[in-house]
**Q** 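Take a look at the following structure, please.
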Amino acid sequence: MTPRVLLASCAELPESDGDDTSLPAALGELGVSAGWAPWDDPAADFAGADLVVLRATWDYPARRAEFLKWCESVPNLANPAEVVRWNTDKRYLVDLAACGLDVVPTQLVAPGAQPDWPDAGFVLKPSVGAGSVGAARFGPGSLDVAREHLDGLHADSHVAVLQPYQETVDREGETALVFVGGTYSHAFVKGAMLSDSAELDGSGLYVDEQLWPADPEPALRRAAEDAMDAAGTVLGVDRRELLYARVDLVRGPDGRPLLLELELAEPSLGFRQTDGGARLRFASAVRAALLQR
Ligand SMILES: Nc1ncnc2c1ncn2[C@@H]1O[C@H](COP(=O)(O)OP(=O)(O)O)[C@@H](O)[C@H]1O
Ligand SMILES: [Mg+2]
């Protein structure tokens, strides 16, 4: 019988932002029937699908508890609900740093607490967030505005993440290295997001991005492999069980790659920034994941 896969999206962007448009056809070529459905659509038969793949569920930050409950209700979800729970709160960066991974220095600031304010530029963002929404950059001389931003995050019940601003991002952006079925697939570069010209997309779910294809040097590829191994260790899973992963790296002041984000829930995978082979690898990995159900 033809396996049925549902690609989970959200009501505002029911077929993603266009990056995943080629996936249903790529899956169809391999004998897999694939369609889109917003995760909170009561008419969608997620329980009856052979596999549900989180692709564009970008509205979860405001409704994370409800979203995680839904994830747990889906019998066959990629990536699995426990991975999504861990990965949709940037506190996971602290777990990865504890494994010895080079991570952008991260302070977590819970409501009611105050951070050690840095004496150089820094970023404040919600620990549960996506698409750069709620992220802002401050200079060392703008503590008043930063305090206001922190109060705003806390008023919305967010734990805040405070990180030193990595100036290299202004020159070379961040590099996203995409893994499919635990194996490196392709990479792309994202320009700096916290600039004055940054604007929200019409959906309000993400800040418009500038992306380019990339061919990362060995130090970046090795750092991404280390991040994948560390995630496997923390999660207690074989990294090959992760249908997809995106490792976002920036270069620290000394040039060493630092982990900015590890995306295991619904990252854009940059299919439009790479050759057609990436979607074929993705479709093949879905076929392999179907065997494990
Ligand atoms: N510490 C940082 N240094 C430089 N730029 C940052 C830093 N933190 C965030 N940014 C910028 O803000 C964007 C959004 O932050 P990120 O941590 O990727 O959260 P998300 O993508 O989940 O909203 C990044 O793509 C990057 O351009
Ligand atoms: Mg990001």
Side-chain angles (χ1 to χ4, degrees), residues 10 17 19 54 56-62 64 67 84 86-94 96-97 102-109 115-118 120-140 146 149-150 153 156 158-178 187-201 203-212 214 224 227 244-270 273:
C10 56
D17 63 354
D19 195 52
L54 296 177
T57 52
W58 295 320
D59 61 354
Y60 78 80
R64 180 166 173 261
F67 176 64
V84 176
W86 177 74
N87 189 244
T88 47
D89 187 326
K90 289 187 173 58
R91 287 186 251 194
Y92 70 75
L93 289 171
V94 175
L96 292 173
D102 288 330
V103 172
V104 173
T106 298
Q107 279 189 64
L108 299 172
V109 194
D116 292 327
W117 293 105
F122 60 93
V123 172
L124 275 172
K125 54 192 170 187
S127 77
V128 175
S132 304
V133 176
R137 172 184 183 178
F138 302 95
H149 189 67
L150 181 66
L153 292 173
D156 289 339
H158 283 298
V159 169
V161 172
L162 189 153
Q163 295 175 332
Y165 187 80
Q166 304 300 312
E167 306 272 345
T168 55
V169 171
D170 292 334
R171 297 189 294 278
E172 52 183 80
E174 66 191 274
T175 307
L177 296 95
V178 176
F188 59 97
V189 169
K190 184 192 291 196
M193 298 299 296
L194 305 183
S195 68
D196 293 340
S197 60
E199 281 193 22
L200 275 180
D201 164 78
S203 69
L205 295 176
Y206 62 93
V207 174
D208 265 334
E209 299 172 338
Q210 279 191 298
L211 309 173
W212 301 273
Y244 56 74
R246 199 186 80 201
V247 183
D248 293 346
L249 298 173
V250 297
R251 236 181 261 280
D254 62 359
R256 260 190 319 159
L258 301 176
L259 183 75
L260 180 64
E261 270 197 285
L262 169 69
E263 291 259 18
L264 302 175
E266 33 44 310
S268 290
L269 296 176
Q273 272 67 50

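When a ligand or atom number is given, it counts from 1 through the structure's own listing order.
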**Q** Could you identify the single nearest non-hydrogen protein atom to atom 5 (N) of ligand 1 and state the distance to 0.1 Å?
**A**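 Scanning the protein heavy atoms, the shortest distance from atom 5 (N) of ligand 1 goes to Tyr165 CE1, 3.3 Å.
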**Q** Quick test: of every protein heavy atom, which one is nearest to atom 7 (C) of ligand 1, and how far off is it to 0.1 Å?
**A** Val123 CG2, 3.6 Å
**Q** Are any of the heavy atoms in Pro164 under 4.0 Å away from ligand 1?
**A** yes
**Q** What protein heavy atom is closest to atom 27 (O) of ligand 1, reported as residue, atom name and distance in Å?
**A** Met193 N, 3.1 Å
**Q** Out of Lys125, Glu167, Glu174, Gln166, whose heavy atom sits nearest atom 24 (C) of ligand 1?
**A**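 Of the listed residues, Glu174 has the closest heavy atom.
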**Q** Could you tell me if the side chain of Tyr60 sits less than 4.5 Å from the side chain of Val84, heavy atoms only?
**A**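 Sidechains of Tyr60 and Val84: no contact.
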**Q** Using a strict cut-off of 4.0 Å, indicate which atoms of ligand 1 neighbour a heavy atom of Gly129.
**A** 22 (O)
**Q** Is there any N or O on Lys190 that sits under 3.5 Å from an N or O of ligand 1?
**A**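 In this structure, Lys190 places no N or O atom under 3.5 Å from an N or O of ligand 1.
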**Q** Just give me the atom name: the N, O or S atom of Glu261 closest to the Mg ion (ligand 2).
**A** OE1
**Q** Going by heavy atoms in the side chains, are Asp17 and Ser268 under 4.5 Å from each other?
**A** yes
**Q** What closest approach, in Å, do Pro267 and Leu264 show between heavy atoms, and which atom pair accounts for it?
**A** CD-C, 4.4 Å
**Q** Atom 14 (C) of ligand 1: which protein heavy atom is closest, and how many Å away?
**A**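 Checking every protein heavy atom, the shortest distance to atom 14 (C) of ligand 1 gives Ser132 OG, 3.2 Å.
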**Q** Using a 6.0 Å cut-off, check whether atom CD of Glu172 has over 12 heavy atoms from anything other than its own residue.
**A** yes
**Q** Does the side chain of Pro164 come within less than 4.5 Å of Pro105's, by heavy atoms?
**A**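 Contact flag for Pro105/Pro164 side chains = yes.
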**Q** Would you indicate whether the side-chain heavy atoms of Lys90 and Thr106 approach each other to under 4.5 Å?
**A** no
**Q** Would you name the heavy atoms of Leu194 and Ala136 that are closest together and state the gap between them?
**A**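 Leu194 and Ala136 have their closest heavy atoms at CD1-C, 4.2 Å.
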**Q** Would you say Leu260 and Gln166 make side-chain contact, with heavy atoms under 4.5 Å?
**A**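 In short, these two side chains do not touch, never coming nearer than 4.5 Å.
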**Q** Should one rank Gln163, Glu261, Glu209 by closest heavy-atom distance to atom 21 (O) of ligand 1, which comes out on top?
**A**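 Heavy atom nearest to atom 21 (O) of ligand 1 belongs to Glu261.
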**Q** Nearest heavy-atom pair of Leu54 and Tyr244: which atoms, and what distance?
**A**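 That closest heavy-atom pairing would be O-OH, 2.6 Å.
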**Q** For atom 12 (O) of ligand 1, find the nearest protein heavy atom and state the residue, atom name and distance (0.1 Å precision).
**A**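 That would be Leu194 CG, 3.4 Å.
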**Q** Do any nitrogen or oxygen atoms of Lys90 lie less than 3.5 angstrom from nitrogen or oxygen atoms of ligand 1?
**A**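 Yes; the residue has a nitrogen or oxygen that sits under 3.5 Å from a nitrogen or oxygen of the ligand.
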**Q** What do you reckon, does Gly191 have a nitrogen or oxygen under 3.5 Å from a nitrogen or oxygen of ligand 1?
**A** no
